[in-house]
Chemist: 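I am attaching a structure below and will ask some questions about it afterwards.
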Amino acid sequence: RHYLGLHYFRTGEWERAAPLLEESLADSPSRLPALEALARIRQREGSFEEAMRLLQRALAMKHPAPPDLVMLGGIAMSLGRTAVALESFERAREMDEAGFRNDLELGVLYLAAGRLPEAREALDRVAPSHPGYAMAAFKRAQVSVLLEEPDRAARIETAKRHADATTRELIARERLFRQP
């Protein structure tokens, strides 16, 4: 069951893989490949609570690599678990600063946690070529206003200039950007 479940997982047959992996874990709860595969299946299905629980079990059994931590951070963000997400992304960045590509997520999490100087630093690392730059510019403008930075008006203009459909609406509703 274990090997057949992993085979189905690797070939994208997740509906067939999941029950076999569940049975395998019922028999042997510490089968790391089964835990990781089932966590990914649950994430794809949108069962984020279970995905996070399974992934945390798997990561407790090994030395997690940055991609594992990024995955956990993304799942935790989906669940609104800021502390778990922050810790995961911070650890991933510490392990591979040069390869870390999640400064937008990290900046958003720092902002949510009220850690504004760290949010500023993380959001400043998001390049204009990044697909999420519109959100990074919007969040960076928020941070700038909250920190009362002298260039906050320019940050707001940058956010407006780089806005996409989502951020355009957020900018229009953002009370922080309204002149007193």
Side-chain angles (χ1 to χ4, degrees), residues 12 14 36 39-52 54-56 58-59 63-180:
W14 300 296
E36 291 175 323
R40 290 185 189 281
I41 291 170
R42 296 301 181 233
Q43 180 186 24
R44 288 178 189 268
E45 294 173 342
S47 301
F48 298 116
E49 284 285 347
E50 186 177 359
M52 189 166 94
L54 290 164
L55 187 56
Q56 286 176 318
L59 296 183
H63 181 71
D68 298 323
L69 295 167
V70 166
M71 181 180 167
L72 179 59
I75 293 170
M77 278 185 84
S78 298
L79 293 168
R81 305 272 175 81
T82 302
V84 173
L86 253 176
E87 179 186 351
S88 298
F89 283 119
E90 285 176 331
R91 285 181 59 202
R93 185 168 190 277
E94 286 173 13
M95 293 170 76
D96 184 16
E97 191 171 329
F100 187 73
R101 301 285 179 262
N102 299 89
D103 284 309
L104 172 57
E105 293 88 341
L106 194 53
V108 168
L109 289 164
Y110 283 137
L111 177 58
R115 295 167 58 178
L116 301 179
E118 291 159 297
R120 172 181 51 209
E121 290 173 21
L123 293 167
D124 281 346
R125 290 190 298 264
V126 179
S129 60
H130 186 285
Y133 185 72
M135 185 60 71
F138 168 65
K139 292 297 183 183
R140 182 60 179 91
Q142 287 179 313
V143 169
S144 187
V145 171
L146 291 169
L147 288 174
E148 299 180 355
E149 294 176 332
D151 67 343
R152 60 187 172 264
R155 294 281 182 185
I156 294 168
E157 287 307 311
T158 298
K160 288 178 181 177
R161 196 170 51 253
H162 293 281
D164 58 17
T166 301
T167 57
R168 207 170 292 115
E169 185 178 325
L170 293 172
I171 290 167
R173 292 190 328 225
E174 181 55 73
R175 287 185 272 166
L176 288 173
F177 295 172
R178 295 187 187 131
Q179 298 285 335

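Just so it is clear, the values below take in all heavy atoms, side chains as well, and ignore hydrogens, waters and symmetry mates.
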Chemist: Could you give all pairs that pass the salt bridge (charged side-chain N to carboxylate O under 4.0 Å, His left out) test and reach residues 126-144, with sequence neighbours left out?
Modeler: Asp124-Arg140, Arg140-Glu149
Chemist: Identify the two heavy atoms, one from Pro66 and one from Ala92, that lie closest to each other, and give their separation to 0.1 Å.
Modeler: O-CB, 3.9 Å
Chemist: Check step by step if salt bridge (charged side-chain N to carboxylate O under 4.0 Å, His left out) holds for Arg93 and Glu90.
Modeler: CA-CA 5 Å; Arg93 185 168 190 277; Glu90 285 176 331; over 6 Å; no
Chemist: Can you name the residues that form a side-chain hydrogen bond (donor to acceptor under 3.5 Å, both in side chains) with Glu36, not counting sequence neighbours?
Modeler: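 Only Lys62 meet the side-chain hydrogen bond (donor to acceptor under 3.5 Å, both in side chains) criterion with Glu36.
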Chemist: Do Glu174 and Phe138 pass the side-chain contact (heavy atoms from CB on, under 4.5 Å) test, and can you show the C-alpha distance, the side-chain angles, and the key distance before you say yes or no?
Modeler: CA-CA 10 Å; Glu174 181 55 73; Phe138 168 65; 3.8 Å; yes
Chemist: Between CD1 of Ile41 and CD of Gln43, what distance do you get to the nearest 0.5 Å?
Modeler: 11.5 Å
Chemist: Taking all non-hydrogen atoms of both residues into account, name the closest pair between Leu109 and Met77 and its distance.
Modeler: CD2-CG, 3.8 Å
Chemist: Could you tell me whether Arg81 and Glu49 have a side-chain N and a carboxylate O separated by less than 4.0 Å?
Modeler: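 Here Arg81 pairs with Glu49 in a salt bridge, since their nearest N and O are under 4.0 Å apart.
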Chemist: What heavy-atom pair brings Val126 and Leu104 nearest, and what distance separates the two atoms?
Modeler: CG2-N, 3.5 Å
Chemist: Just to verify, what does Glu169 make a side-chain hydrogen bond (donor to acceptor under 3.5 Å, both in side chains) with, not counting sequence neighbours?
Modeler: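 Applying side-chain hydrogen bond (donor to acceptor under 3.5 Å, both in side chains) to Glu169 gives Arg173.
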Chemist: Give me each pair satisfying ring pair (Phe, Tyr, Trp, His ring centres under 6.0 Å) with a member in residues 78-133, each pair once, sequence neighbours excluded.
Modeler: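 As it turns out, the ring pair (Phe, Tyr, Trp, His ring centres under 6.0 Å) pairs with a partner in residues 78-133, which skip direct neighbours, are Tyr133-His162.
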Chemist: Please report the shortest heavy-atom distance between Leu116 and Val143, naming the atom on each side.
Modeler: O-CG1, 3.7 Å
Chemist: Provide the closest heavy-atom pair for Gly107 versus Ala119 in the form atom of the first, atom of the second, distance.
Modeler: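 Answer, listing the atom of Gly107 first, then Ala119: O-CB, 3.6 Å.
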Chemist: For Asp151, what residues pass the side-chain hydrogen bond (donor to acceptor under 3.5 Å, both in side chains) criterion, not counting sequence neighbours?
Modeler: Arg155
Chemist: Do Leu55 and Arg42 come within less than 4.5 Å of each other through their side chains, counting heavy atoms only?
Modeler: no
Chemist: Once rounded to the nearest 0.5 Å, what's the spacing between atom CD1 of Ile171 and atom OG1 of Thr166?
Modeler: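 Nearest 0.5 Å value for the CD1-OG1 distance: 10.5 Å.
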Chemist: Check step by step if side-chain contact (heavy atoms from CB on, under 4.5 Å) holds for Leu146 and Leu111.
Modeler: CA-CA 10 Å; Leu146 291 169; Leu111 177 58; 3.9 Å; yes
Chemist: List the residues meeting side chain to side chain contact (heavy atoms under 4.5 Å, CB included) with Pro64, not counting sequence neighbours, and say none if there are none.
Modeler: Leu59, Asp68, Leu69, Arg91
Chemist: Report the distance from atom CG of Leu86 to atom CZ of Arg115, rounding to the nearest 0.5 Å.
Modeler: 5.5 Å
Chemist: Could you tell me whether Arg152 atom CZ has more than 12 heavy atoms of other residues or ligands within 6.0 Å of it?
Modeler: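 For Arg152, atom CZ is crowded (more than 12 foreign heavy atoms under 6.0 Å).
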Chemist: Look up atom CD1 in Ile156 and atom CD in Gln142, then write down how far apart they are to the nearest 0.5 Å.
Modeler: 10.0 Å
Chemist: Do you know which two heavy atoms are closest between Ala76 and Val84, and how far apart they sit?
Modeler: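 Looks like CB-CG1, 3.8 Å.
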